[in-house]
Protein chains: 2
Amino acid sequence: MSDPSAHSIPMPARPLANVDVVIFSVLDDALRVLLVRRPEAIGEPYPGRWALPGGFVDVERDRSLLDCALRKLSEKTGVLAPYLEQLGCWGDATRDPRGWSTTHVYFALIPGAEVVLQGGGGVADVAWLGVDSSARARRLAFDHAEIIDAALERLRGKVEYTSLPAFLVPEPFTLPQLQRMYEAVLGRRVDKSGFRTRMLAQDFLEPVGPIEGASKRPAMGFRLKDRSRATYFPRTFSPRG
Amino acid sequence: MSDPSAHSIPMPARPLANVDVVIFSVLDDALRVLLVRRPEAIGEPYPGRWALPGGFVDVERDRSLLDCALRKLSEKTGVLAPYLEQLGCWGDATRDPRGWSTTHVYFALIPGAEVVLQGGGGVADVAWLGVDSSARARRLAFDHAEIIDAALERLRGKVEYTSLPAFLVPEPFTLPQLQRMYEAVLGRRVDKSGFRTRMLAQDFLEPVGPIEGASKRPAMGFRLKDRSRATYFPRTFSPRG
DNA sequence: TTAATAGTGTCTATGAGACAGTATCAA
DNA sequence: TTGATACTGTCTCATAGACACTATTAA
């Protein structure tokens with residue numbers, strides 16, 4: 001790390017740099033997204049409005065954008081190792097009244113059972129909101145409604161041909177439980193037999209013995225062979241629509 | 001747009017904000033990426049090394065990150081309306097010796113014939129480099145080798161199930177020409193009959209009359225019905241590997 | 001006629017979708 | 001035995017892949 005003043009070329013004005021996280025989970029068979037309420041302090045934009053968890057990059061504390069996203073996620077949910085991927089960047093002169101602003105958005109999938117909502121850290125409230133109408137009905141801060149739309153589109157699109165919903169259910173899970181995650185995200189029923197064949201053919205699940213008590217007949221419990229990445233299927237779910 | 005000093009909350013230190021563009025094209029049946037040589041001026045990092053075209057966001061001039069990417073692309077290639085999508089963001093404390101730096105990377109597809117390489121703008125040289133070994137063999141500036149790897153992975157992955165290569169060939173084009181674009185990106189041959197069936201079934205091409213002179217027998221010319229977006233196929237190209 | 005490229009027909013195997021059927025548990 | 005859920009078998013149909021075939025031009 002060098003001292004900027006040692007360079008002869010002047011550095012240009014810099015935009016504000018944020019990181020926001022779209023955290024998805026399935027609760028009560030419904031896909032939900034985590035929102036926090038904006039603080040009411042003087043000078044804060046969108047006071048009291050719902051927003052994605054996030055905030056400025058802390059160049060002293062965060063070694064990278066990913067570090068920053070993991071920090072913001074653990075501050076709000078206590079979850080340390082979720083599925084996390086970069087969604088994209090939004091940046092323009094008008095999205096933040098404080099000036100030219102960029103945000104680097106990550107999207108996370110976490111099992112509903114593992115969540116412990118935590119306030120503090122400059123937010124007055126934390127809550128799960130359904131993605132269908134409630135999130136859109138409330139007026140979100142910044143361009144966060146647009147960002148959530150993009151995250152939803154990415155998630156629903158990828159669920160058609162990846163194992164992403166496996167990150168929405170706590171391990172070990174049964175195939176019927178995993179199927180319910182797919183159905184919650186896709187918003188439609190899928191065939192049981194085809195679902196089983198499809199999942200087992202990809203060889204990304206590892207059986208860990210039957211799970212009892214969850215239903216009448218015990219089902220085989222599975223866990224991911226590799227929690228660090230999703231599996232891609234060679235076809236989408238329903239070509240025939 | 002408000003004056004930052006009017007707010008009571010102090011703004012944090014800000015990272016440097018860059019935009020870089022990975023510009024792909026197919027020349028001589030080989031996939032290539034556009035690189036520029038870093039300037040040699042005092043204080044410039046990686047002087048004389050090859051790098052992706054890009055640079056600092058100009059908060060006075062660029063209204064958004066996308067504007068900035070389009071500006072940098074047209075400065076180097078003269079192309080105004082290519083296929084352009086966001087690839088992602090890279091940002092950490094060490095990628096630029098001048099300090100905590102973020103870059104917002106876009107990836108572009110342009111037809112080889114339309115390119116007019118243009119120097120100037122602070123670069124000593126501009127060139128197309130093959131993606132296979134030459135780009136990796138030369139030591140690129142910053143983390144641009146890693147970024148190109150990511151762009152290649154994205155491109156090759158999407159080509160399996162999208163119409164992206166249609167943006168690499170000038171309109172109007174014939175199906176055999178389009179097939180050569182697919183083969184150049186994928187690095188393997190594909191079956192002619194299956195290719196034709198697949199392309200025409202998706203209904204994203206519009207016939208515009210036969211093209212003569214290109215070969216012995218004239219072939220039907222096509223153009224995209226919608227140049228603003230790619231078409232997604234329901235299956236990948238070769239499930240059987 | 002020949003060479004070269006454009007375009008089509010046909011066979012086969014795969015595998016998804018649908019759904020009926022069987023297995024295994026609790027009560 | 002009944003009900004509920006887990007799991008399997010089977011039939012059908014669409015289509016990708018392979019490849020041989022025909023069509024249309026220039027020379």
Side-chain angles (χ1 to χ4, degrees), chain A residues 29 159-163 166 169 172-184 186-223 231-241, chain B residues 29 159-163 166 169 172-184 186-223 231-241:
Chain A
D29 285 331
V159 163
E160 295 280 358
Y161 60 94
T162 67
S163 66
V169 58
F173 52 83
T174 68
L175 284 177
Q177 284 170 344
L178 180 59
Q179 185 174 347
R180 273 191 286 280
M181 293 297 124
Y182 273 90
E183 292 173 340
L186 291 173
R188 66 169 192 264
R189 306 300 303 275
V190 301
D191 181 77
K192 183 172 46 171
S193 175
F195 182 82
R196 299 181 66 86
T197 309
R198 185 186 177 90
M199 292 300 131
L200 295 175
Q202 283 311 117
D203 196 40
F204 70 103
L205 295 174
E206 192 166 32
V208 293
I211 297 179
E212 323 198 0
S215 69
K216 302 287 184 173
R217 172 181 170 182
M220 180 58 70
F222 292 91
R223 63 182 191 82
T231 296
Y232 286 71
F233 305 142
R235 305 173 61 149
T236 56
F237 243 97
S238 253
R240 316 200 75 257
Chain B
D29 286 333
V159 162
E160 296 279 358
Y161 60 93
T162 67
S163 66
V169 59
F173 52 83
T174 68
L175 285 176
Q177 284 171 344
L178 180 59
Q179 184 175 347
R180 273 191 286 281
M181 293 297 125
Y182 273 89
E183 291 172 341
L186 291 173
R188 66 168 192 266
R189 307 298 304 276
V190 302
D191 181 77
K192 181 172 49 170
S193 175
F195 182 82
R196 298 181 66 86
T197 310
R198 185 186 177 89
M199 292 299 131
L200 296 175
Q202 283 310 117
D203 196 40
F204 70 105
L205 295 174
E206 193 167 31
V208 293
I211 297 179
E212 323 198 0
S215 70
K216 304 286 184 175
R217 170 179 172 183
M220 180 58 70
F222 292 91
R223 64 182 191 83
T231 297
Y232 286 69
F233 305 142
R235 304 175 62 150
T236 57
F237 242 95
S238 253
R240 317 201 74 257

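Scope of the values below: all heavy atoms of this structure, side chains included, with no hydrogens, waters or symmetry mates. Within every chain, numbering begins at 1; the chains are lettered A, B, ... in the order of the sequence lines, protein sequences first and strands thereafter.
- Closest approach to the Arg217(A) side chain among dA23(C), dT8(D), dA23(D) is made by dA23(C) (side chain taken as heavy atoms from C-beta onward).
- Residue Thr197(B) is classed as having no contact, given no heavy-atom separation below 4.0 Å to the nucleic acid.
- A salt bridge does not link Lys192(B) with Glu183(B): none of the charged nitrogens is closer than 4.0 Å to a carboxylate oxygen.
- Here the nucleotide nearest the side chain of Met220(B), chosen from dT8(C), dG7(C), dC25(C), is dG7(C).
- Look at Arg196(B) and you won't find any side-chain N or O under 4.0 angstrom from OP1 or OP2 of dA6(C).
- Between the side chain of Gln179(A) and the backbone N or O of Val190(A) there is at least one donor-acceptor pair closer than 3.5 Å.
- With a 4.5 Å cut-off on side-chain heavy atoms, Tyr232(A) and Phe204(A) do not count as touching.
- Rounded to an integer number of Å, the gap from CZ of Arg189(A) to P of dG17(C) is 15 Å.
- Nearest nucleotide to the side chain of Asp191(A), out of dA6(D), dA18(D), dC19(C): dC19(C).
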Verify side chain to side chain contact (heavy atoms under 4.5 Å, CB included) between Met199(B) and Leu175(B), making sure each step is shown before the conclusion. CA-CA 8 Å; Met199(B) 292 299 131; Leu175(B) 285 176; 4.2 Å; yes
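- Secondary structure note: stems in DNA chain C built from 3 or more consecutive Watson-Crick or G-U wobble pairs under 3.5 Å occupy C:1-27 with D:1-27.
- Here dA6(C) presents its P atom at 16 Å from CG of Leu205(B), a figure rounded to the nearest Å.
- Ring geometry for Phe195(A) versus Tyr182(A): interplanar angle over 60°, hence perpendicular rather than tilted (30 to 60°).
- When each of Gly194(B) and Ala219(B) is assigned the nucleotide of DNA chain C bearing its nearest heavy atom, the one mapping closer to the 5' terminus is Ala219(B).
- Checking side-chain atoms of Thr174(A) against main-chain N and O of Gln177(A) turns up a donor-acceptor pair under 3.5 Å.
- Taking atom CG of residue Leu200(A) and atom C1' of nucleotide dA6(D), one finds them 13 Å apart after rounding to whole Å.
- Going from atom NZ of Lys216(B) over to atom C1' of dT2(C) covers 10 Å, rounded to whole Å.
- Put simply, CZ on Arg188(A) is 12 Å from C1' on dG17(C), counting in whole angstrom units.
- Atoms CE (Met199(A)) and P (dA16(C)) sit 10 Å apart, rounded to a whole Å.
- Distance, Glu212(B) CD to dA4(C) C1': 17 Å, rounded to whole Å.
- Per the geometry, NZ belonging to Lys192(B) stands 14 Å off P belonging to dT22(D), to the nearest Å.
- Among the nucleotides dG3(D), dA18(C), dG9(C), the one closest to any side-chain atom of Ser193(A) is dA18(C).
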Take Phe173(A) and Val208(A) through the test side chain to side chain contact (heavy atoms under 4.5 Å, CB included) and record every step on the way to the result. CA-CA 9 Å; Phe173(A) 52 83; Val208(A) 293; over 6 Å; no
